[in-house]
Amino acid sequence: INRGAVFGLGQGWGIFFILFTFVAAAGILWAVWAYGRTSRFLTVGLALLFGGALGNLWDRIVAGEVVDFFDFYIANWHWPAFNLADSAITVGATILVIDSLFGKNHD
């Protein structure tokens, strides 16, 4: 359970994160409308970001916190807990970085 954001930062800022997610989702939808037809790769990255944002938004609104259910240990080493929405955001952001570095120009 995470009442904050990345790695638990911002505990207790739930309303801020809800509002920020609405603004970010609107920005993502605008980017899909403006640039989505230029690259299928870019569209997939934006869709993953959008889906991940909505998944975490749903948790924040319904449960008041984000439910992180993947929790991995290797011996004494612990990876921070995360969920499927976090994974979608990470993969989507990675795709956007790759597209911005190696994709065709977006005017």
Side-chain angles (χ1 to χ4, degrees):
I1 293 178
N2 182 359
R3 291 183 179 94
V6 178
F7 303 118
L9 298 173
Q11 296 292 322
W13 293 15
I15 296 298
F16 169 78
F17 292 129
I18 288 171
L19 294 174
F20 178 81
T21 302
F22 277 113
V23 171
I28 293 166
L29 288 176
W30 173 83
V32 168
W33 176 80
Y35 301 109
R37 285 170 259 164
T38 63
S39 165
R40 194 171 294 165
F41 194 57
L42 175 64
T43 302
V44 169
L46 290 168
L48 286 166
L49 276 179
F50 187 73
L54 291 185
N56 280 339
L57 177 64
W58 177 264
D59 272 1
R60 287 187 197 287
I61 291 172
V62 172
E65 58 204 9
V66 174
V67 179
D68 293 332
F69 48 86
F70 292 121
D71 201 10
F72 296 103
Y73 290 86
I74 299 174
N76 290 331
W77 180 78
H78 177 239
W79 185 262
F82 62 99
N83 61 30
L84 191 59
D86 297 336
S87 298
I89 291 168
T90 302
V91 172
T94 301
I95 288 172
L96 292 183
V97 168
I98 292 169
D99 187 71
S100 71
L101 293 173
F102 304 109
K104 53 184 160 177
N105 256 346
H106 304 290
D107 295 327

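Here the structure is a predicted model, which is why all the values come from computation and not from measurement.
- Hydrophobic clustering (side-chain heavy atoms under 4.5 Å, transitive across Ile, Leu, Val, Met, Phe, Trp, Tyr) groups F22 together with L49.
- Cluster membership for V62 and V67, using ILVMFWY side-chain heavy atoms within less than 4.5 angstrom, is not shared.
- Here the CZ atom belonging to R60 is positioned 10.0 Å from the CZ atom belonging to F16, to the nearest 0.5 angstrom.
- With a 6.0 Å radius and a threshold of 12 heavy atoms from other residues, nucleotides or ligands, F41 has its CZ atom above the threshold.
- Applying the 6.0 Å contact sphere to CH2 of W33 captures no more than 12 heavy atoms from other residues, nucleotides or ligands.
- Scored by the side-chain contact (heavy atoms from CB on, under 4.5 Å) test, F102 finds I98 as partners (sequence neighbours excluded).
- Cluster membership for I28 and L54, using ILVMFWY side-chain heavy atoms within less than 4.5 angstrom, is shared.
- Listed by chain and number, the residues in a side-chain contact (heavy atoms from CB on, under 4.5 Å) with L29 are F50 (sequence neighbours excluded).
- Under the 4.5 Å side-chain heavy-atom criterion for ILVMFWY residues, a single connected hydrophobic cluster contains both L42 and W30.
- Taking 4.5 Å as the limit, every side-chain heavy atom of L48 sits out of range of all side-chain heavy atoms of I89.
- Residue pairs meeting the side-chain hydrogen bond (donor to acceptor under 3.5 Å, both in side chains) criterion with at least one partner in residues 82-93, sequence neighbours excluded, are N56-N83, N56-D86, D68-N83.
- By the side-chain contact (heavy atoms from CB on, under 4.5 Å) test, T21 pairs with A53, L57, sequence neighbours left out.
- One hydrophobic cluster holds both V44 and L101 under the rule that ILVMFWY side chains link at heavy-atom gaps under 4.5 Å.
- Every residue two or more places apart in sequence or in another chain that forms a side-chain contact (heavy atoms from CB on, under 4.5 Å) with L19 is listed here: I15.
- Of all heavy-atom pairs spanning G52 and A85, the tightest one is O-CB, 3.3 Å.
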